[in-house]
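These numbers were taken from a predicted model, which means no experiment stands behind them. Note: hydrogens, waters and symmetry copies are ignored here, and every other heavy atom, side chains too, is used.
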Amino acid sequence: MRMNLPALALLLASLGLAGCGDDASSSLTLAGSSTVAPLADEIGKRFESEHPGVEINVQAGGSSRGIADARRGLVDIGTASRALAPSESDLVAHTIALDGIALIVHEDNPVSSLTQAQVRDLYTGAVGKWAAVGGEQAPVTVVNKAEGRATLAVFLEHFDLAGPDIQADVVVGHNQQAIKTVAGNRHAIAYVSIGTAEYEAAHGSPIRLLALDGAAATSENVRGGRYPLVRELNLVTRPNPSGLAKAFIDYARSPAVQDLIKQLHFIPAG
């Protein structure tokens with residue numbers, strides 16, 4: 001159940017975190033998904049501004065790290081840009097937003113849309129030149145995500161692929177590495193967070209988001225249920241988080257931060 005803001009204020013007061021007292025001091029550490037990290041960081045900054053004395057530390061490293069660190073108690077809250085697997089039932093996912101995964105190419109690449117079958121062919125090496133999918137007579141540079149990245153897991157599941165099926169030319173970690181690779185190579189293709197890609201494209205990165213099976217890769221289409229490749233953005237904890245961790249989770253799931261979620265081109269959950 002989500003906590004309303006008056007209840008949140010009462011909890012923080014009980015923790016000694018409300019107001020501006022010099023003796024109020026506490027911190028949280030979050031780690032995991034590179035997709036969730038910028039959003040968690042912005043939410044953390046607002047939380048800090050409203051509760052002097054609180055420090056929110058946000059680290060990346062991948063969803064697998066976030067889940068493992070939360071399980072082992074190495075962080076207060078893990079972050080993951082996917083749903084929890086059945087084998088992770090000892091943990092609890094607190095969904096704060098939704099995001100899609102988009103295929104991206106350089107803005108000079110004439111290809112604007114791919115089908116699911118074409119994506120499979122490009123990533124398995126069955127198709128090696130862009131001309132086969134409506135592009136130039138040029139070899140395709142396949143950019144894949146490293147093991148342990150949630151985007152890879154969601155991509156493989158959606159396209160019914162296994163890791164060894166993919167014939168990658170370049171392997172990257174986080175979204176920014178994939179975007180930088182495509183921005184510097186007009187024949188590359190990668191898959192990244194729609195929210196991150198929309199933000200980067202709007203701020204001058206020379207990339208294009210490809211439609212998938214006729215559905216444009218936009219946050220609006222994710223919001224409207226018209227885009228097929230969607231995933232959860234989660235804060236991950238052991239069961240029954242309490243104290244400052246619970247207060248932060250409830251705040252991150254409240255209307256107080258929906259503007260931040262939208263600013264980063266994600267979709268508020270619920």
Side-chain angles (χ1 to χ4, degrees), residues 1-18 24-63 65-67 69-71 73-84 88 91-100 150-151 174-175 193-196 199 219 222-223 230-270:
M1 178 178 179
R2 297 187 185 184
M3 181 181 296
N4 60 37
L5 295 184
L8 175 60
L10 287 173
L11 172 60
L12 290 170
S14 72
L15 293 170
L17 299 173
S25 178
S26 192
S27 65
L28 285 177
T29 299
L30 289 73
S33 166
S34 63
T35 299
V36 179
L39 176 58
D41 191 51
E42 290 302 315
I43 294 173
K45 289 175 183 176
R46 182 171 292 181
F47 191 85
E48 289 174 337
S49 72
E50 295 183 12
H51 308 291
V54 173
E55 182 177 359
I56 309 297
N57 303 301
V58 179
Q59 304 168 11
S63 294
R65 176 196 173 182
I67 290 168
D69 284 1
R71 175 177 279 151
L74 298 179
V75 296
D76 301 291
I77 300 172
T79 60
S81 48
R82 63 168 175 80
L84 292 178
E88 296 159 346
L91 300 173
V92 178
H94 312 270
T95 303
I96 59 173
L98 301 177
D99 184 31
T151 316
H174 53 73
N175 287 315
S193 155
I194 285 181
T196 302
Y199 180 87
S219 295
V222 172
R223 183 180 296 109
V230 179
R231 41 90 176 268
E232 301 172 355
L233 303 186
N234 288 315
L235 304 180
V236 178
T237 65
R238 295 175 177 176
N240 305 314
S242 61
L244 184 58
K246 184 179 189 308
F248 180 80
I249 291 166
D250 289 336
Y251 184 76
R253 289 164 54 85
S254 78
V257 300
Q258 288 194 2
D259 61 319
L260 296 177
I261 293 171
K262 293 174 183 177
Q263 284 173 21
L264 275 87
H265 299 270
F266 300 124
I267 313 302

> For Val236 and His94: C-alpha separation, side-chain torsions, deciding distance, then whether side-chain contact (heavy atoms from CB on, under 4.5 Å) applies.
CA-CA 6 Å; Val236 178; His94 312 270; over 6 Å; no
> Restricting to non-hydrogen atoms, name the atom on Val75 and the atom on Ala31 that form the minimum distance, rounded to 0.1 Å.
CG1-CB, 3.8 Å
> Rounded to the nearest 0.5 Å, how far apart are CG of Leu30 and CZ of Phe248?
5.5 Å
> Only distances under 3.5 Å count here; give the side-chain donor-acceptor pairs of residues 52-60 to other protein atoms, sequence neighbours excluded, each with its distance to 0.1 Å.
{"from": "Gln59", "atom 1": "OE1", "to": "Arg65", "atom 2": "NH2", "distance (Å)": "2.7"}

> Quick one: does Leu264's side chain get under 4.5 Å of Tyr199's, heavy atoms only?
no
> Salt-bridged, Arg82 to Glu88, with N to O below 4.0 Å?
yes
> A side-chain contact here means heavy atoms from C-beta on lying under 4.5 Å apart; do Ile67 and Leu84 qualify?
yes
> Between Ala80 and Ser63, which heavy-atom pair has the shortest distance, and what is it?
CA-OG, 3.4 Å
> Would you give the length of the straight line joining atom CG of Leu98 to atom CZ of Arg223, rounded to the nearest 0.5 angstrom?
10.0 Å
> Starting at CG of Leu235, measure out to CD1 of Ile249 and round the result to the nearest 0.5 Å.
6.0 Å
> Using a strict 4.0 Å threshold on nitrogen-to-oxygen distance, state whether Lys45 and Glu48 make a salt bridge.
no
> Hey, does the side chain of Asn234 reach the backbone of Ala93 with a donor-acceptor pair shorter than 3.5 angstrom?
no
> Taking atom CD of Glu42 and atom CD1 of Ile261, what is their separation to the nearest 0.5 Å?
12.0 Å
> Is there side-chain contact between Phe47 and Leu244, with at least one heavy-atom pair below 4.5 Å?
yes
> I need the single residue from Asp99, Thr151, Thr35 that forms a side-chain hydrogen bond (donor to acceptor under 3.5 Å, both in side chains) with Ser193. Which is it?
Asp99
> State, to 0.1 Å, how close Lys262 and Pro268 come at their nearest heavy-atom pair, and which atoms those are.
CE-CG, 3.9 Å
> Taking the side chain as C-beta and beyond, is there a heavy-atom pair between Leu91 and Arg238 under 4.5 Å?
yes
> What's the separation between atom OG in Ser81 and atom CD in Glu232, rounded to the nearest 0.5 Å?
10.5 Å
> Stepwise, does the side-chain contact (heavy atoms from CB on, under 4.5 Å) test hold for Ile96 with Tyr251?
CA-CA 10 Å; Ile96 59 173; Tyr251 184 76; over 6 Å; no
> So how far is it from Ile77 CD1 to Lys246 NZ, rounded to the nearest 0.5 Å?
11.5 Å
> Decide, yes or no, whether a salt bridge links Asp259 with Arg46 under the criterion of side-chain N to carboxylate O below 4.0 Å.
yes
> May I ask you to decide if Ala97's main-chain N or O and Thr95's side chain share a donor-acceptor pair within less than 3.5 Å?
no
> Side-chain donor-acceptor pair under 3.5 Å between His265 and Thr196, yes or no?
no
